[in-house]
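Here the structure comes first, spelled out in structure tokens, and everything after it is commentary.
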Amino acid sequence: MIRILFLGDVIGEPGRKAVIESVRKFKTERGVDFVIVNGENSAGGRGITPKITIDLLRAGVAVVTSGDHIWDQKEIVPYLDTEPRLLRPINYPDPTPGHGSIVLDTPKGKVAVVNVQGRTFMQPPLENPFLVIDLEIERLRQETRVIFVDVHAETTSEKIAMGRFLDGRVSAVIGTHTHTQTADDQIFPGGTAFLCDAGMCGPSESVLGREIGAILQRFLTSRPIIYPVARGPVKLHGAVVDIDEATGLAMRIERIAEFFEPVEVPPAPAAENAATPAS
Ligand SMILES: [Fe+2]
Ligand SMILES: [Fe+2]
């Protein structure tokens, strides 16, 4: 059995800090073998930078997926061709920098990860995700049966349809992009684990990770507003999926929705020769 942790869209600095400090804990305390996070909002809520990608990988993340915000930070464009562990949606037209899938060796065998983007209420319209992933899955299954799909899409219908389309051919289909976790975690009849949306790793007192007041101003005034990333307690959202590595089918899916608890750093001990107040 291989245990994969998937975490939803990482929101800015609060989300990054929570993920970076939690990955090792998930591995040691919960036996997670492989970690995937969606990093499309990890740079101030918009896009991802090379440095943030490196920080996430160094923290123990194996693959960073993304979505429509992947292009928001300019320096990521040339970087995509140099770091295959950072994925952009696979159904961008050719030629587009970067890759939409990867196969990595692990002590428990090969793991494939695919990132695909939906088209309903999404900009820009990309190639048909169903046709593109169909070909890709057949190619990947020559290499491994353990295949994890991040479907980055707005509508529940498109994500559920993708899960049903791939049922029995991949290990898990988990949605991202809405930043709101759904409660439909299940294993489909063919053996594919499914969750319509993983949710986000970011401030819980927010609107999808952004400051509540700013978003309300947008809705109240209909004018463009800057939406800062919110502050306060951070929630980690995602799922853990146990997969039979021989068949690639899921055995269990468990939703993750928990507050991040920062590790308390004890105060530095007083120096031995510290001056003592004269009595
Ligand atoms: Fe997002
Ligand atoms: Fe998105």
Side-chain angles (χ1 to χ4, degrees), residues 5-20 35-49 52-53 56 61 63-74 76-77 80 86-92 96-98 100 113-127 129 132-133 148-160 162-163 173-182 195-212 214-215 218 226-230 234-239 255-257 260:
L5 167 68
F6 181 86
L7 292 172
D9 303 36
V10 179
I11 313 295
E13 198 264 337
R16 292 199 309 269
K17 180 174 160 32
V19 169
I20 285 168
V35 180
I36 306 163
V37 303
N38 186 302
E40 74 149 9
N41 304 106
S42 55
R46 298 187 69 87
I48 185 167
T49 63
I52 292 171
T53 308
L56 290 168
V61 172
V63 178
V64 180
T65 56
S66 65
D68 52 317
H69 285 293
I70 183 64
W71 313 109
D72 289 356
Q73 304 289 328
K74 283 192 186 69
I76 209 65
V77 179
L80 277 169
L86 171 62
L87 302 182
R88 48 89 175 151
I90 195 166
N91 49 328
Y92 270 90
T96 296
V113 182
V114 189
N115 193 186
V116 66
Q117 187 168 306
R119 298 200 294 184
T120 310
F121 304 140
M122 297 285 289
Q123 290 296 331
L126 301 182
E127 308 290 351
V132 172
I133 206 164
F148 203 104
V149 177
D150 172 352
V151 54
H152 195 80
E154 180 71 35
T155 65
T156 47
S157 59
E158 195 169 15
K159 290 189 267 197
I160 295 167
M162 182 61 75
V173 176
I174 294 194
T176 53
H177 178 68
T178 71
H179 298 194
T180 303
Q181 189 177 72
T182 55
L195 177 60
C196 200
D197 205 291
M200 67 174 177
C201 297
S204 57
E205 291 301 306
S206 71
V207 178
L208 310 186
R210 303 305 184 113
E211 277 186 9
I212 296 167
I215 299 289
R218 172 76 170 100
I226 292 171
Y227 316 128
V229 169
V234 171
K235 231 171 173 183
L236 293 164
H237 280 126
R255 256 185 309 128
I256 302 292
F260 162 63

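Every value quoted in this text rests on a predicted model; they were computed, and no experiment measured them. Ligands are counted one by one from 1 in listed order, and the atoms in each one are counted from 1 as well.
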Ring-plane angle category for F6 and F148, please: parallel below 30°, perpendicular beyond 60°, tilted otherwise. parallel
Exercise: identify the closest heavy-atom pair between L195 and T182: CD1-O, 3.3 Å
Apex the Fe ion (ligand 2) - arms OD1 from D68 and ND1 from H177 - angle rounded to 10°: 100°
At the Fe ion (ligand 1): angle between H179 atom NE2 and D9 atom OD2, to 10 degrees: 90°
Whether N38 has an N, O or S atom under 2.8 Å from the Fe ion (ligand 1): no
Strictly distance-based, threshold 3.5 Å: is any side-chain N or O of R119 a donor or acceptor partner for the main-chain N or O of P125? no
Has H69 got an N/O/S atom less than 2.8 Å from the Fe ion (ligand 2)? no
Side-chain heavy-atom pair P89, V116 within 4.5 angstrom cut-off: no
What I want to check is whether the side chains of D68 and H152 have a donor and an acceptor closer together than 3.5 Å. yes
Any N/O/S atom, backbone or side chain, of E40 lying under 2.8 Å from the Fe ion (ligand 2)? yes
